[in-house]
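Working notes for the structure below.
Proteins come first, then strands; the chains are lettered A, B, ... in the order of their sequence lines, and each starts at number 1.
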Amino acid sequence: MTDIIIHCAVALLFPPLLLGVIGKTKAVFAGRVGAPYFQPYYDLIKLFRKGSVFSDTTTWVFRAGPVVTLSAILIAVLLIPLGRHAAPLSFSGDLVLFTYLFGLSRFFTTIAALDTGSSFEGMGAAREVTFSCLAEPTLFFALITLARLSKSLSLSTILTHATSATWFASGASMLLLVAALFITLLAENSRIPFDDPNTHLELTMIHEVMVLDHSGPAFGMILYGAALKLFVLGAVFINVALPVSTGIALADWVIFIAGMLVLAVVIGTVESVMARLRMVRIPQLLVGATILSAFAMMLVLR
Amino acid sequence: MFLFLSGDPTLCLLIAATLMALSGVPGLVLHNPVLSQRIATFLFIIAALLGESAVVALLSGYPGAVYQIDWPLPFGQVLISVDHLSTLFLLPLFLVSGCVSVYSLAYWPAREKANAGKLTLFMGLFAASMVMVLMARHGVLFLVAWEVMALSGYFLLTTEQRNSDVQRVGIIYLIATHTGTMALFVTFSLLCGTSGTFLFPAFHSLSQTLPVASVVILTALFGFGGKAGLMPLHFWLPGAHANAPSHVSAMMSGLMLKMGVYGILRTLSFFDGFPVWLGWVIILLGAWSAINGITLAAGQRDLKRLLACSSIENIGIIFIGIGLALVGLQMQTPYLVVCGLFGAFIHIINHALFKSLLFLGSGVLIHAAGTREIDLMGGLARRMPITSPLFLIGSLAICGLPPLNGFVGELFLYVGAITDGIVAPMPVAALVAPVLALVGGLAVITFVKLYGIIFLGTPRSDSATHAHEAPTTMTGPMILLAIACLAAGMAPLLLVNVVTPVVAYYGNLAPPVIAKITGQVPLMPLTIANILLITLIMLIGTLYLRRLRRLPRSQGSTWGCGFLEPTARMQYTGTSFSEMVVNLLEAIVAPKRRRPELAAFIPPVGSRFDYTITETVLDRILTPIFQWTGLAFSYLRRVQHGQINIYVLYIFATLFVLMFWKH
């Protein structure tokens with residue numbers, strides 16, 4: 001019961017901090033002081049208090065978009081195990097629901113973008129659905145590989161099964177999986193090298209351009225949803241990459257949170273040292289990730 | 001209640017079929033077309049209620065009688081009966097045809113359309129012949145019903161026969177369906193040669209070691225696969241579905257394609273086993289159809305052609321399920337049998353529901369906007385407040401997204417595939433999961449494009465600006481189908497309970513085995529998660545709306561990067577939306593681009609850029625072959641000159657030669 005409460009509390013409160021840490025890391029690399037760690041929280045609070053501007057062309061779909069997207073990701077949060085503890089909502093076959101919830105959220109984000117009738121947002125929506133479609137098989141190859149290692153169909157077992165022993169036994173395949181999952185994590189969360197929210201041109205963005213017309217609380221929900229999504233996929237990654245289990249509940253939570261913070265620093269480092277890829281290169285990298293995870297599966301079968 | 005009137009489900013179904021077959025007759029004798037159309041719809045509704053009550057009785061274990069007709073022709077006596085496999089297909093058949101019939105009252109009103117009488121007549125024959133296809137237990141009767149279905153389908157789809165496009169696709173349809181029927185003649189003749197009668201062999205009664213077994217199965221796969229729209233025999237499908245009246249497309253896509261699936265399942269049930277490769281071939285064909293079908297769909301600009309291509313995808317998913325089950329039967333792995341059959345059977349019902357919903361929706365849209373081109377629509381959500389959410393439900397369902405019904409069928413396939421990934425020593429079937437994931441991702445592209453470009457943004461043409469909502473007669477049936485999609489998605493146990501007896505019957509499995517494997521599939525948790533999702537959406541939505549009311553808000557034009565006069569033509573079109581994925585999958589879609597010559601920086605006035613999606617099998621293989629054959633045989637045309645006296649001479653000469661040969 002305590003674990004469920006901690007799970008919900010961490011999942012609801014912690015995600016924006018990741019964005020803060022990423023921002024701080026990038027600032028350090030650039031030699032700036034940077035915004036405070038808690039800046040995303042202040043942004044969110046401010047956004048929820050702001051008024052909204054609605055485009056004349058929009059309908060209820062535009063308003064429903066952020067609501068459904070956020071709800072779908074919140075359900076996904078309930079399915080994912082955090083800090084080596086089973087998820088609050090865990091059942092056999094939940095991994096399929098988990099990935100399809102992201103599909104649902106993507107559907108609504110993109111139709112909300114199309115509702116504005118803006119060519120920029122249409123462009124962003126087209127990119128988002130195309131790239132995510134290429135990232136999807138990767139996730140399934142990875143999940144099948146992990147499912148085979150853990151002999152289970154439930155995310156809670158699949159993701160908490162990996163231990164340091166697993167790494168010794170099938171290190172090569174775990175390494176490939178970690179690489180593939182990291183690429184997917186960056187792609188799904190629209191980070192560099194796939195997308196750069198800080199470009200000055202709408203033409204070159206993916207996620208940010210889709211939400212140009214959202215304002216006020218709706219934009220707050222989108223920002224929060226994006227942080228949650230980064231958190232959820234980051235948790236999948238951390239569970240595979242850092243399979244440390246101490247057996248002490250509190251210590252596991254601390255290790256998990258520390259791992260997530262390190263992940264945020266790593267993402268920030270990647271963003272600082274790399275440039276965004278050209279749009280035509282993105283599919284190649286995504287297909288490359290799929291092939292990596294397919295290799296991981298092959299190695300496990302051997 | 002109807003069941004108690006007749007007492008026997010089989011009889012009940014036969015009465016329903018007769019009512020549907022006769023529903024067009026008043027149109028032939030009465031001089032009042034409006035009245036006769038209403039009578040036809042009334043008969044259809046009665047038939048649908050009668051049929052559904054029989055289906056419910058059969059599914060709950062009530063036995064259906066077997067009827068024997070002493071046929072005066074030289075094919076022996078004929079049996080008509082109904083089993084669980086037929087019931088599975090009858091369930092959506094009656095629901096959809098009832099809905100379609102009501103819909104046609106407003107979509108094809110006898111008051112305005114002169115050919116409504118013809119349409120009603122063939123619609124009745126079409127539905128009734130499908131019931132007969134499902135109930136026939138005799139090769140010849142089956143083929144008769146099959147041909148009535150194919151031909152009435154032809155007359156339905158050529159309703160607008162003056163249009164040259166319609167004529168062309170009609171001819172292609174006829175050639176395709178008759179080539180398929182030819183293969184079926186071989187199937188049933190060989191079966192008759194094996195068992196000595198045209199009656200269908202009993203379940204698993206034929207040995208797979210028979211020399212004709214693989215020929216029977218292959219010809220059945222060819223004949224029935226062509227009807228189902230399995231690649232590469234799908235070439236007739238996009239054109240036929242696109243050019244038929246929308247409610248006919250709904251029947252064809254939702255129901256007629258499934259008759260092909262039924263045929264294959266029925267033929268396979270005659271044998272006690274299959275060659276090992278068959279399951280893998282069917283999985284491969286299914287995966288190929290699914291990926292190619294949805295990629296073709298993603299590139300389309302024609303609303304109904306897009307839906308038709310996505311039917312190929314869904315048939316592919318159904319075949320993946322059937323293939324998994326066959327592989328499972330072969331390798332003695334019950335989890336593949338159960339998951340494959342559940343996946344396929346549930347998807348058969350689901351596809352009938354959401355595809356009919358979408359095709360009926362496309363009829364409403366074509367009525368309203370006067371075009372099938374999605375790049376000329378836009379902004380219809382404001383103008384059609386009822387159709388828009390219904391179409392959204394259909395689109396979400398067809399993408400297989402929770403909490404709608406499409407997810408349930410795919411969930412079974414995923415669980416089957418991943419279980420294979422866990423336990424099989426060489427988990428080839430596990431590869432189905434990434435394939436399905438890719439197909440799902442492409443489906444999201446396709447249907448975000450379809451819904452977004454049609455309903456959202458601003459209208460791209462005058463006719464779309466003046467679009468209006470359809471009457472209740474058209475939206476009513478769609479609401480019913482949408483509720484069915486939602487209910488089946490929220491409570492997947494409903495679907496599973498309907499399908500369980502069919503799986504037990506077809507897979508020859510004991511209920512405990514099935515229960516053990518379906519226990520791995522999250523049905524109750526899915527309901528809980530769905531309820532949680534809906535509650536959360538309601539909760540966050542209410543909070544958001546309350547917040548909106550309290551905070552200041554203003555209206556403005558869409559952000560255009562500082563440009564203040566956006567026009568509808570600046571919006572992203574469907575073609576531009578799918579351009580990226582079409583380029584990635586160029587090998588499948590093969591877009592043809594015609595660019596103007598660029599001499600200066602700005603192309604001259606009147607230059608056009610053309611962009612069409614071609615279809616490999618039809619446009620690049622079959623059409624050239626037919627053209628060459630036509631040329632090669634053109635000299636034979638001289639023999640056919642229209643002089644009857646010489647024709648009689650031909651007959652005489654032929655007979656003489658034959659007689660001479662005999663001696």
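With hydrogens and angles disregarded, no donor-acceptor distance shorter than 3.5 Å links the side chain of A/Thr116 to the backbone of B/Thr558. The backbone N or O of B/Ala424 sits less than 3.5 Å from a side-chain atom of A/Arg148, completing a donor-acceptor pair.
Using a 4.5 Å cut-off between heavy atoms, B/Met426 touches chain A through its side chain atoms alone. Residue B/Glu410 touches chain A through its side chain alone, counting heavy-atom pairs closer than 4.5 Å. Using a 4.5 Å cut-off between heavy atoms, B/Phe577 touches chain A through backbone and side chain atoms alike. B/Leu436 touches chain A through its backbone: at least one of N, CA, C or O sits under 4.5 Å from a heavy atom, while the side chain does not. Neither the backbone nor the side chain of B/Asn583 comes within less than 4.5 Å of any heavy atom of chain A. Only the side chain of B/Leu584 comes within less than 4.5 Å of a heavy atom in chain A; its backbone stays farther off. The contact between A/Pro283 and chain B is made entirely by side chain atoms (from C-beta outward), counting heavy-atom distances below 4.5 Å. For B/Leu548, the part lying under 4.5 angstrom from a heavy atom of chain A is the side chain only.
Counting heavy atoms of neighbouring residues, nucleotides and ligands inside a 6.0 Å radius, atom NZ of A/Lys151 exceeds 12 of them. Residue-environment remark: CZ (A/Phe48) exceeds the threshold of 12 foreign heavy atoms within 6.0 Å.
Taking A/Leu74, A/Val68, A/Leu114 one by one and counting their heavy-atom pairs under 4.5 Å with chain B, the maximum is reached by A/Leu114. Between chain A and the options B/Ala529, B/Pro427, B/Ala298, B/Ala417, the largest number of non-hydrogen pairs under 4.5 Å is found for B/Pro427. The candidate with the highest count of non-hydrogen atom pairs below 4.5 Å against chain A, out of B/Leu396, B/Val444, B/Leu545, is B/Leu396.
Classification of the A/Phe140-B/Tyr414 ring pair by plane angle, with boundaries at 30° and 60°, yields parallel.
Within residues 378-387 of chain B, the residues approaching chain A closer than 4.5 Å by heavy atoms are, in numerical order, B/Ala381, B/Arg382.
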- Message: ring-ring contact (aromatic ring centres under 6.0 Å, His included) for A/Phe107 and B/Phe447? Distances and angles first, verdict last.
- Response: CA-CA 9 Å; A/Phe107 198 103; B/Phe447 284 91; 8.2 Å; no
